[in-house]
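One structure is given here, and the rest of the page talks about it.
Since the model is a prediction, treat every value here as computed from it, not as a measurement. Note that ligands are numbered from 1 as they come in the structure, with each ligand's atoms numbered from 1 the same way.
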Amino acid sequence: MISAKILGVGSYVPPRIWKNDDLASLLDTSDEWIRQRTGIEQRHWVEGNVTTSDLAASATERACASAKIRVDEIDCIVFATLSPDHEFPGSGCFLQAKLGLSGVPAFDVRQQCSGFLYGLSLADQYVKSGMFRRVLVVGAEVHSKGLNKTPAGRDVTVLFGDGAGAVIVGPCEGSVTEKDSQIYSTHLHADGQFAKELWIAAPGMANGNERMNAAMVEEGLHYPKMNGKAVFMHASKRMPEAILEALEKNGKKVEDVDLFLFHQANLRINEMVGKQLGIPSEKIFNTIQSFANTTAATIPIGMDEAVKAGKLKKGMLVASAAFGSGFTWASTLFRW
Ligand code: UT7
């Protein structure tokens, strides 16, 4: 059986920064509230007609440079996003055209905050089976165009940022020992009974006999709605469970792990997960302070930032977990 590994990582965020104070009067919020409740200090939001696939294309070019491959060596695209360029076709197709990869298969993964890890799992299986050799997994979001930027939307709007992160997954060469770079396992879960705890109702084919109309817009059904407390509670339980599942599968303990890359929804969630698992805080790499929640992009952005900061070095054992809308949750254990 072939083993798969992450060959390289890259990320891209749009240049325009919105500090918490920049949102204060717009949303009737404050820097103090946002920092205390979430840890967020700022977020990047796109300007003009920049799209999710534009951000993904920039992250992809950087991931290819990091993996030392040409863009035209990518033989499969897995694009995780909840903020697609258009409802259909999938954003993977728009990205594929921008990358000039005509003929290469392009998937969209719709698993929200867990989308990157779901995508990584697909890539891992494809590489292990020998079907593809250079799989792009990209998580990208443009949230800013879809948020309610009035005080009525402040509970959700302050949380989200725009950005993209990408990895290239490929086969390990030669005989692989336990100490070599590799993806050991991925673990995927969902519980659809909580689907409406964090969702966007419209447009949608389940809205009576019209997918979208003026009354739905008037009601704000096109904006994300979240039961923050329920999401917080489930995330704090499911992420530690998913990490333990990955460790158990591979005969490892929490203390064997060199770095934890968690989804970035709330600094307090990650602190609670760390506390439950007894992880020293310096082993948890957080980026929410600078980028807020970029949903499918948080984990690859974190990976890239950790490399740049010298916190993620070759040979390190890394555990990663995510939780979000669906509910979906997932984890992986890999050696960098
Ligand atoms: O990645 C997707 C997954 N998402 C998550 O994991 C998010 C999980 N949930 C959370 O992180 C937290 O629930 C939030 C950060 C979203 C909210 O924190 P909270 O401590 O649960 O606050 P709350 O919703 O209970 O609201 C507390 C108060 C309310 O005022 P009253 O009723 O106590 O007077 C809200 O109206 O804070 C108010 N509030 C705000 N105030 C200033 C809510 N949003 C804001 C805001 N600025 N942006």
task: Any atoms of ligand 1 less than 4.0 Å from a non-hydrogen atom of Cys113? List them with their elements.
output: 1 (O), 2 (C)
statement: Contact region, Phe232 to ligand 1, non-hydrogen atoms below 4.0 Å, reads both
task: Taking only heavy atoms of Leu198 into account, list the atoms of ligand 1 that are under 4.0 Å away from them.
output: 2 (C), 3 (C)
query: Which residue holds the protein heavy atom closest to atom 5 (C) of ligand 1, what is that atom called, and what is the gap in Å?
result: Val231 CG1, 3.4 Å
- prompt: Of all the atoms in ligand 1, which lie at a distance below 4.0 Å from a heavy atom belonging to Val158?
  reply: 48 (N)
task: Output yes when a side-chain donor or acceptor of Asp124 lies under 3.5 Å from a complementary backbone atom of Ser121, and no otherwise.
output: no
- request: Look only at the side chain of Asp108 and the backbone of Gly92, and say whether a donor-acceptor pair between them is shorter than 3.5 Å.
  value: yes
field: Atoms of ligand 1, numbered as shown, that sit under 4.0 Å from any heavy atom of Thr38
entry: 15 (C)
task: For the pair Phe194 and Phe327, name the ring-plane relationship: parallel under 30°, tilted 30 to 60°, perpendicular over 60°.
output: parallel
query: If you draw a 6.0 Å radius around NZ in Lys145, do more than 12 non-hydrogen atoms from other residues or ligands fall strictly inside?
result: yes
- line: Nearest non-hydrogen protein atom to atom 18 (O) of ligand 1, with distance, is Arg268 NH2, 4.0 Å
message: For atom 1 (O) of ligand 1, what's the nearest protein heavy-atom neighbour? Residue, atom name and distance, please.
response: Asn293 ND2, 2.6 Å
- prompt: Are side-chain N/O atoms of Thr51 and Lys98 paired as donor and acceptor at under 3.5 Å?
  reply: yes
message: How far is atom 47 (N) of ligand 1 from the closest protein heavy atom, and which atom is that?
response: Thr29 OG1, 2.6 Å
- line: When distances are taken from atom 8 (C) of ligand 1, the protein heavy atom at minimum range is Gly228 O, 3.6 Å
message: Within the 4.0 Å heavy-atom shell around His263, which atoms of ligand 1 are there?
response: 1 (O)
- prompt: So, the side chain of Lys225 versus the backbone of Ala201: is there a donor-acceptor pair under 3.5 Å, distance only?
  reply: no
- prompt: Of the protein's non-hydrogen atoms, which lies at the shortest distance from atom 14 (C) of ligand 1, and what is that distance?
  reply: Asn266 ND2, 4.5 Å
message: Quick check on side chain to side chain contact (heavy atoms under 4.5 Å, CB included): which of Gln264, His263, Glu141, Arg43 does Asn293 satisfy it with?
response: His263
query: Given that the side chain starts at C-beta and the backbone is N, CA, C, O, which of these parts of Ile269 lies under 4.0 Å from ligand 1, counting heavy atoms, or is it both or neither?
result: side chain
field: Shortest protein contact, atom 28 (C) of ligand 1 (heavy atom only)
entry: Trp33 NE1, 4.2 Å
query: For Glu178, which residues count as a salt bridge (charged side-chain N to carboxylate O under 4.0 Å, His left out) partner, sequence neighbours excluded?
result: Lys252, Arg335
task: Kindly identify the option in His234, Met226, Lys229, Gln264 whose heavy atom sits closest to atom 16 (C) of ligand 1.
output: Met226
- prompt: Which residue holds the protein heavy atom closest to atom 30 (O) of ligand 1, what is that atom called, and what is the gap in Å?
  reply: Arg154 NH2, 4.7 Å
- prompt: Should the pair Trp18 and Trp45 be assigned to parallel (<30°), tilted (30 to 60°) or perpendicular (>60°) ring geometry?
  reply: tilted
task: Would you tell me whether Glu197 and His234 have side-chain atoms, one donor and one acceptor, within less than 3.5 Å of each other?
output: no
message: Checking the N or O distance criterion of under 3.5 Å, is ligand 1 in contact with Arg37?
response: yes
